[in-house]
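As structure tokens, the structure follows; a few thoughts come after it.
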Amino acid sequence: MATTAATLAVRNPRTGSADHTITLATAEEVAAKAAVLRENQRGWEAMGVGGRCAVMARWLGAVKAQAMAIGEADAVDTGGCHTSYVQGFITMGNIGGWLEDAPKAFAALEWQSMSTSMPTVEVESQVVAYPLVGVISPWNAPLMLALLDAVPALFAGSAVLLKPSEVTPRVIEALFETVRQVPELAAVFDYVTGAGDIGQAVIGQADTICFTGSVPTGRKVAVACAERLIPCNLELGGKDPCIVTESADLDRAATAVLRGAVYATGQVCYSVERVYVHASVHDEFVALLVDKAEKVRLNADNPRAGLIGPFTFAPQADIVMRHIADAKAKGATVLTGGEVEELGGGLYLRPTVLTGVNHEMEIMQDETFGPCIPVMAYGDVEEAIRLANDTHFGLTASVIAGTAEEAKAIGKRINAGGIFLNDTFLTFAKMRTFGSDSFGWSGYGSPRIGPESIRRFLRRKSLLTQTGPVADIQDDHHLGPKTGAPK
Ligand code: NAD
């Protein structure tokens, strides 16, 4: 007897009403899709990097034709946070970058030479892709974070099964309209819809997992991967600090801190989440920050005008309010913002500046993921560095000082993967030739940009050919050159 597929109603962050439905996959469907992808992957890998680049270039053309529609879907999913509308164009830029990087990723790995220790043995490398990569992605920046792992894996020659967030499915549907226009790609790139159970089902099928999301879920993913003895890349949360020194241009610092903390309603893994300001300039900095924060407009009337959109995921508003309430209960002062407003069904929070905070408060320890800016005074640079490093996280950090040298000297002592000097939020300015790693609870995994982002899906094999005589069982020349050590 046929069973009716289960569905999930999806909330619209601007209206608060459920205006979209997804059909939930079952574990059996995940297994069936995985089997098809695994079968098709052999041909995809055999195509070679040049053949795959030709297919991906055609896909880039399809994305270009749909870039506006993709951006619209992203804006509905996220509530129209700031740059949602250009996500289709950002995706095009990223695919174009990987098109250049892909041949380089392979060039460095393919070689053939004679053994250095056994002169008659020829050594040749073979590079093979993990057949099936599982990607599990979050609701913030839902398109970019679904593709940052999936696309380099495809260039590597892997097939990809994506499990996007159930909170933001519309943009993935728009994306896959472009994938279906390129049959060779559609044969090796597919997605399944559902919540955590379907994420687990993907882990049950894949050869390696790329997960982006929260620390608690990341732990569960790591455990499930460990059970299967498959590798996983984890990109988790942050509690990114910003240090403002006594010598800093305070107006510049306030502008940079505000942008870094409230961009996309603070729902960015590398948002500025805590600020340390030298005590001698604390009050002046805070006055400038509050003044600028109060001028930031919500975009409730028009998603394209105003900088602060609604919370994408309604329960996130509760987490943010819990952090604010905990800080207030422990003695913090809210200077501006601080109350969630319901406008047209969406949940909004204006930039919220807090002072009188300390490390006993959740708002200084746990990821807030909202437009909150807790500011704490410090006495000297040693204290500032100690406070910045007093965290389990280590994604990014910022230092704003009077000179680049002063900022760099402090930045080199902070435990985080990306250190932004005399500005915040410089993640997109990294060179494509190298990336950076996360520290602590912010996860582990190779860089997601440049040729290295592709190489992490490749395994190297060595083929060793004996071109000389085979060693007799009595000989020891098969052990390599004599060391001169006594027998
Ligand atoms: P989340 O951990 O709740 O969910 C992420 C994904 O995991 C979703 O697709 C979800 O359905 C799935 N999932 C849930 N339970 C699962 C389970 N038991 N097994 C397998 N999959 C499961 O994260 P979120 O709330 O969607 O995203 C926000 C978080 O992501 C924040 O903590 C943020 O800092 C983090 N993030 C990190 C980066 C980075 O690059 N480091 C980037 C963006 C977001």
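Reckoned from all heavy atoms, side chains included, excluding hydrogens, waters and symmetry mates. Both ligands and their constituent atoms are indexed starting at 1 by order of listing. From a predicted model like this one, the values you see are computed outputs, not experimental measurements.
- One finds the CG atom of L298 at 6.0 Å from the CD atom of E341 (value rounded to the nearest 0.5 Å).
- Remark: E383 pairs with no residue by the salt bridge (charged side-chain N to carboxylate O under 4.0 Å, His left out) rule, at least two apart or across chains.
- A distance limit of 4.0 angstrom between heavy atoms and ligand 1 selects the residues I136, S137, P138, W139, N140, L145, K163, P164, S165, E166, A195, G196, G199, Q200, F211, T212, G213, S214, T217, K220, V221, E235, L236, G237, C269, E367, F369, L395, R448.
- Side-chain atoms of S158 come within 3.5 Å of backbone N or O of Y130 as a donor-acceptor pair.
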Only distances under 3.5 Å count here; give the side-chain donor-acceptor pairs of residues 149-156 to other protein atoms, sequence neighbours excluded, each with its distance to 0.1 Å.
residue: D149; atom: OD1; partner: R448; partner atom: NE; Å: 3.4
residue: D149; atom: OD1; partner: R456; partner atom: NH1; Å: 2.9
residue: D149; atom: OD1; partner: R456; partner atom: NH2; Å: 3.0
residue: D149; atom: OD2; partner: R448; partner atom: NH2; Å: 3.1

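- Not one N or O on the side chain of R413 forms a donor-acceptor pair closer than 3.5 Å with the backbone of N389.
- For residues 13-36, every residue pair satisfying the salt bridge (Lys or Arg N to Asp or Glu O under 4.0 Å) rule, not counting sequence neighbours, is listed here: D19-R170, K33-D190.
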